[in-house]
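Side chains included, hydrogens not; waters and symmetry mates left out as well; all remaining heavy atoms used. Chain letters run A, B, ... following the sequence lines, proteins first, then strands; residues in each count from 1.
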2 protein chains.
Amino acid sequence: MNTESLAFSTPRESLGILLGLVRAEIVRAMEAELATKGLSLSFTQFLIIKRLARLGPMSATELARSVELDGGAMTRQLDQLERKGYLRRCRHEQDRRTLRIELTDAGDSLWRQLTDCNERVLSAAQRSLDEAEQIRLHDYLERVLHALRDKN
Amino acid sequence: MNTESLAFSTPRESLGILLGLVRAEIVRAMEAELATKGLSLSFTQFLIIKRLARLGPMSATELARSVELDGGAMTRQLDQLERKGYLRRCRHEQDRRTLRIELTDAGDSLWRQLTDCNERVLSAAQRSLDEAEQIRLHDYLERVLHALRDKN
DNA sequence: AATACATATTTGCCTTGACAAACATACTTC
DNA sequence: GAAGTATGTTTGTCAAGGCAAATATGTATT
């Protein structure tokens with residue numbers, strides 16, 4: 001087996017691009033779904049709401065890390081979402097540096113609207129994979145992520 | 001099987017986030033690699049050089065599409081890369097609207113330096129997957145991409 | 001307790017990329 | 001071939017995000 005055919009059988013070279021393309025397509029699809037419901041939320045804002053709905057109140061830093069967003073950018077997103085009335089900044093009891101970001105009632109009911117969009121996009125994305133493949137895809141991505149983070 | 005355990009066994013809900021995390025990690029790793037070689041190239045610029053090196057001269061629009069970049073953004077990236085001497089804008093013979101972007105000699109030798117970085121990052125990323133799994137990951141991602149694009 | 005250091009959030013500054021308008025060049029139709 | 005339409009590139013404008021400095025608060029050391 002020569003180098004060419006090896007390169008062909010393991011097209012490792014485009015993983016970075018491919019991930020970008022898939023992600024961009026998901027973002028596009030999600031924002032389109034949101035738009036059809038008359039909601040003007042960015043994908044980032046959708047992720048923030050989702051995180052809070054799924055995992056409950058947490059600090060701005062935890063939130064930022066979990067959606068891979070810079071701390072400064074998070075402050076500004078929180079400004080917007082608070083202004084729209086979807087969440088609240090509370091002070092942490094013990095550590096007064098830290099915020100406790102929590103959804104308001106409006107935020108909760110927003111999330112109930114968003115679950116639909118979420119479901120539809122993810123179904124569309126994964127409809128070409130059977131259940132076992134979906135799980136494997138997720139597993140592979142997790143493993144790649146850990147491999148990159150724990151660079152021994 | 002209740003809803004909870006189903007949700008747990010098919011964690012479809014975080015595919016968007018997960019893709020973002022993996023991609024961000026690859027970008028970080030690549031820019032770190034570039035930095036260790038004293039090269040100040042963004043990931044986007046790396047992709048542009050790579051595309052040209054792999055596929056040969058093409059128009060700005062083709063290039064933009066292949067790295068999922070807006071046309072306007074591409075113009076400015078080309079400005080920078082041309083200023084650094086890595087590529088040339090030539091006019092297309094038949095269609096004088098169209099550019100033919102080609103690497104200069106400096107661009108070619110830059111790419112020879114970059115292949116190392118590319119290899120190291122992709123190896124790091126995929127070292128936790130065996131050969132068959134790497135191929136499957138690629139295949140799954142392609143299928144997800146097509147499922148999203150051809151929304152019948 | 002005073003000093004030094006670490007962490008959480010905010011703000012300012014800058015770069016990048018999306019979108020739209022402008023412009024140049026092709027193509028099509030009458 | 002003139003008018004209208006489509007395509008490729010450039011430019012202006014704006015919002016989003018990264019980075020660094022500023023500020024506030026907590027923790028550790030002496």
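Listed pair B/T61 / D/dT9 meets the phosphate criterion, a side-chain N or O lying under 4.0 Å from OP1 or OP2.
Between A/C117 and A/L34 there is a side-chain heavy-atom pair separated by less than 4.5 Å.
In this entry the distance linking NE2 of B/H92 with C1' of C/dA26 reads 12 Å, nearest Å. The distance between atom CZ of B/R91 and atom C1' of C/dT25, rounded to the nearest whole Å, is 9 Å. Atom CD1 of B/I101 is separated from atom C1' of D/dG8 by 11 Å (rounded to the nearest Å). Atom CG in A/L99 sits roughly 17 Å away from atom P in C/dT7 (whole-Å rounding). Rounded to whole Å, atom C1' of D/dG17 lies 16 Å from atom CZ of A/F43. For A/M58 and C/dT9, the CE to P distance is 12 Å, given to the nearest whole Å.
If you check every strand for non-hydrogen atoms under 4.0 Å, B/R100 touches nothing. Among the heavy atoms of the strands lying under 4.0 Å from B/T75 is at least one base atom, whether or not backbone atoms are also near. In this structure, A/R89 reaches the sugar-phosphate backbone alone: every heavy-atom distance under 4.0 Å involves primed, P, OP1 or OP2 atoms, never a base.
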Give the intermediate values and the outcome of side chain to side chain contact (heavy atoms under 4.5 Å, CB included) for residues A/Q45 and A/K84.
CA-CA 11 Å; A/Q45 292 170 345; A/K84 292 183 187 177; 3.9 Å; yes
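Between B/R65 and A/R96, the residue whose closest nucleotide on DNA chain D is further toward the 5' end is B/R65. Taking for each of A/M74 and A/R97 the nucleotide of DNA chain C with the nearest heavy atom, the 5'-most of the two is the partner of A/R97.
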Its contact letters, B for base, S for sugar-phosphate only and - for none at protein heavy atoms under 4.0 Å, make nucleotides 13-23 of chain C read B--SSBB----
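The aromatic rings of B/F46 and B/W111 are tilted relative to each other, their planes meeting at an angle between 30° and 60°.
By the 4.0 Å N-to-carboxylate-O rule, B/R143 lies close enough to A/E133 to be salt-bridged with it. Between A/E68 and B/R23, no side-chain nitrogen of the basic residue sits less than 4.0 Å from a carboxylate oxygen of the acidic one, so the salt-bridge criterion is not met.
Minimum interatomic distance between A/S66 and B/I17 (heavy atoms only, all atoms of both residues): O-CG2, 3.9 Å. In this structure, A/R88 and A/L103 approach most closely via the heavy-atom pair NH2-O, 3.7 Å.
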